[in-house]
Amino acid sequence: MLELNFLRTNTERVKEGLKVRNYDEEGLKAVDRAVSLDDSRKDVQTRLDNLLAERNALSKEIGALFKSGKREEAEQKRSRVNEVKEEAAKLEEALREVKIQLAEALYSIPNVPHPSVPAGNTDEDNEVYRDWAGELPVLPEGTQPHWELAKTYNIFDLELGTKITGSGFPLYRGQGARLQRALISFFLDEAVKAGYEEIIPPLLVNEDSARATGQLPDKEGQMYFVEKDNLYLIPTAEVPVTNIYRDEIIDPAQLPVKLTGYTPCFRREAGSYGAHVRGLNRVHQFDKVEIVRYEHPDKSYEALEEMLAHVAGLLDKLELPYRILRLCGGDLGFTAALTFDFEVYSAAQQRWLEVSSVSNFETYQSNRLKLRFKDGKETRLLHTLNGSALALARILAALLENNQTPEGIVIPKVLQSYTGFDRITAQ
RNA sequence: GGAGGAGUGGCAGAGCGGUUGAAUGCACCGGUCUUGAAAACCGGCAUGGGUUUACGCCCAUCGGGGGUUCGAAUCCCUCCUCCUCCGCCA
């Protein structure tokens, strides 16, 4: 959530930001509402504090009176304290109430978009930040989409996944499983080479963690929930990895903190079926390597560039055609200030598939996380960033389609030492 | 899963109903001394909120939540976590 101080001192800027996200006049009111709720909060807080101060002072006096044997005086004060306590109880209730409302108001206000974020409503309005410079591959007649290739080469099986679990849970096998593992290792190795510390986090998280990264209360329906133990299956490694430093004050000498983690990701994706989500295009379980950074506020946009270069480097090495989009206000995630999406071209489907999303959240996440650093005497919020590097299922889809030849599916050179074979052939 | 024990500042560790946001030690940051360093000595050293031009003052926080009391780190309830023993187990 946004910092209250920022909200108070930059009210107009926040509103301008909401307009970029297509909020109407009604939506903008949340900003003023939050500020006025905070005014009430301060007012109640001050009155309560004064009462508590009085109570504390009286209690001390009572203690002293009892010691010196002045019973009666003590009794008098005691009844006064009881009055004070009654009043305080009311104010405490009021404070609790106003805090809940304030939190709700704050949760309803998204991050302020970076000035470079273009206006727009849908993904159609996203800006092509860097287009693919070369020719897009055109496959000859008779080429197959990846779900057909899966059958031809026996590399993954959606029907089996359905049998075992349900739709959207692919089962990889043989050379397909091997290729999947190769991609994970390759991505992790590249991240480690780039200075990221490798993390294997828990795949289930508690409510606090889900709340801290903004999955709750916002995207409740997106996550699988284990009711018996009150745990959520992670929709991305971002959740456990970003929570590592929840509630911490970091020594600035440790900055930047660079972390990477591979995890399966679980997403309910309720109600999404149809042609666009065929095959591996959208599934409930997929593998992803995530990179996460905590940065000094002055350096976070530099870091974002670096992350873009890193992801671009991965796609270059995999020899996949891709483009980079700058998300427009309407498509930008609730918590992000600026997001770039990477899309690879899937030649058989003749469409672009999103394989990475790289974002700067500025202090929006760290405010909820209470993730700070010491800036001299001052304690300040850090900037958090993250990006997929990379999401597996769709990469695999594009790879299979683009690299199909009459002699099998060609494995990119960088992966061959990981897979142990240079092409996938019919088994 | 069963039985017992414990959770206090960055760490270790006192306190077990009153002026204790918390002794002491270590770590850390200043200073004195020293050619320099170490040692010694002196000082500082939690987070959040309110208020103030400022110095400061006030409130909350001793695993989380609730309760008893004029007053709770200290007593009670509850949840969580950790340790020991038993059971189960990749």
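Below, read A as the first sequence line, B as the second, and so on, with proteins coming before strands; counting in each chain starts at 1. Computed from a predicted structure; not experimentally measured.
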* Asked: Among side-chain atoms of Ser366(A) and Arg372(A), is any donor-acceptor pair under 3.5 angstrom?
  -> no

* To do: For Arg47(A), answer base if it contacts any base atom (sugar-phosphate contacts may also be present), sugar-phosphate if it contacts only those atoms, and nothing otherwise; contact means non-hydrogen atoms under 4.0 Å.
  => nothing

* Starting at CD1 of Ile249(A) and ending at C1' of C28(B), how long is that distance when rounded to a whole Å? -> 15 Å

* Asked: Just how far, in rounded Å, is P of G10(B) from NZ of Lys374(A)?
  -> 11 Å

* Structure fact -> Looking only at A60(B), G50(B), U47(B), the nucleotide nearest the Asn56(A) side chain is A60(B)

* Structure fact -> Among U51(B), G66(B), G71(B), the one nearest any side-chain atom of Arg96(A) is G66(B)

* Rounded to whole angstrom, note down the C1' distance from G66(B) over to U52(B). => 36 Å

* Classify the nucleic acid contact of Arg80(A) as base, sugar-phosphate or nothing, counting any heavy atom under 4.0 Å across all strands shown. => nothing

* 5'-most by nearest nucleotide on RNA chain B - Glu54(A) or Ile62(A) -> Glu54(A)

* **Touch class at under 4.0 angstrom, heavy-atom based, for Leu52(A) against every strand present** => sugar-phosphate

* CG of Leu95(A) versus C1' of G50(B): gap in Å, rounded? -> 11 Å

* To do: Please state whether the rings of Tyr294(A) and Tyr245(A) are parallel, tilted or perpendicular, taking 30° and 60° as the class boundaries.
  => perpendicular

* Structure fact -> Closest to the 5' end of RNA chain B, once Gln45(A) and Lys85(A) are matched to their nearest nucleotides, is Gln45(A)

* Asked: Taking the same atom, C1', in A60(B) and in G21(B), what whole-Å distance lies between them?
  -> 11 Å

* **Nearest to side-chain heavy atoms of Arg372(A), which nucleotide of G48(B), G49(B), G71(B)** => G48(B)

* Quick one: are the ring centres of Tyr301(A) and His383(A) less than 6.0 Å apart? -> no

* To do: Rounded to whole angstrom, note down the C1' distance from G87(B) over to U74(B).
  => 37 Å

* To do: For Asn82(A), answer base if it contacts any base atom (sugar-phosphate contacts may also be present), sugar-phosphate if it contacts only those atoms, and nothing otherwise; contact means non-hydrogen atoms under 4.0 Å.
  => sugar-phosphate

* Flag the pair Asn281(A) / His146(A) as yes when at least one side-chain heavy-atom distance between them is below 4.5 Å, and no otherwise. => yes

* Does the side chain of Pro256(A) come within less than 4.5 Å of His296(A)'s, by heavy atoms? -> no

* Taking the side chain as every heavy atom from C-beta outward, state whether Phe187(A) and Leu314(A) have any pair of such atoms under 4.5 Å apart. => yes

* Asked: Which part of the nucleic acid, if any, lies within contact of Lys99(A), taking any heavy atom under 4.0 Å across all strands shown: a base, the sugar-phosphate backbone alone, or nothing?
  -> nothing

* To do: Find the distance Leu4(A):CG to G49(B):P and express it as a whole number of Å.
  => 10 Å

* Closest listed nucleotide, where the reference is the side chain of Ser59(A) and the choices are C59(B), G18(B), U51(B) -> G18(B)

* To do: Using the P atom as the reference point in each nucleotide, state the distance between G50(B) and G25(B) in Å, no decimals.
  => 35 Å

* For G15(B) versus U34(B), give the span between their P atoms, rounded off to a whole number of Å. => 43 Å

* Structure fact -> Here the distance between atom P of U81(B) and atom CG of Asp208(A), to the nearest Å, is 12 Å

* Which whole number of Å gives the distance between the C1' atom of G63(B) and that of C41(B)? -> 39 Å

* Measure from CZ on Arg78(A) to P on G18(B) and round the result to the nearest Å. => 16 Å

* Structure fact -> Side-chain contact check for Phe66(A): nearest option of C70(B), U19(B), A60(B) is C70(B)

* Asked: Is there side-chain contact between Ile200(A) and Thr263(A), with at least one heavy-atom pair below 4.5 Å?
  -> no

* Asked: For atom P, what is the distance between C82(B) and C75(B), given to the nearest Å?
  -> 24 Å

* **Rounded interatomic separation in angstrom, taking CD from Glu92(A) and P from G66(B)** => 9 Å

* With a 3.5 angstrom cut-off on both distances, give the Watson-Crick or G-U wobble partner of G43(B), or none if there isn't one. => C29(B)

* Please report, rounded to the nearest Å, how far the P atom of G49(B) is from the CD atom of Glu3(A). => 10 Å

* So what does Leu48(A) touch, heavy atoms closer than 4.0 Å: a base, only the sugar-phosphate, or nothing? -> nothing

* Asked: If you measure from the C1' atom in A14(B) to the same atom in U20(B), how many Å do you get, rounded?
  -> 12 Å

* With a 3.5 angstrom cut-off on both distances, give the Watson-Crick or G-U wobble partner of A3(B), or none if there isn't one. => U84(B)

* To do: Quick one: label Lys77(A) by what it contacts on the DNA or RNA (base, sugar-phosphate, nothing), any heavy atom closer than 4.0 Å.
  => nothing

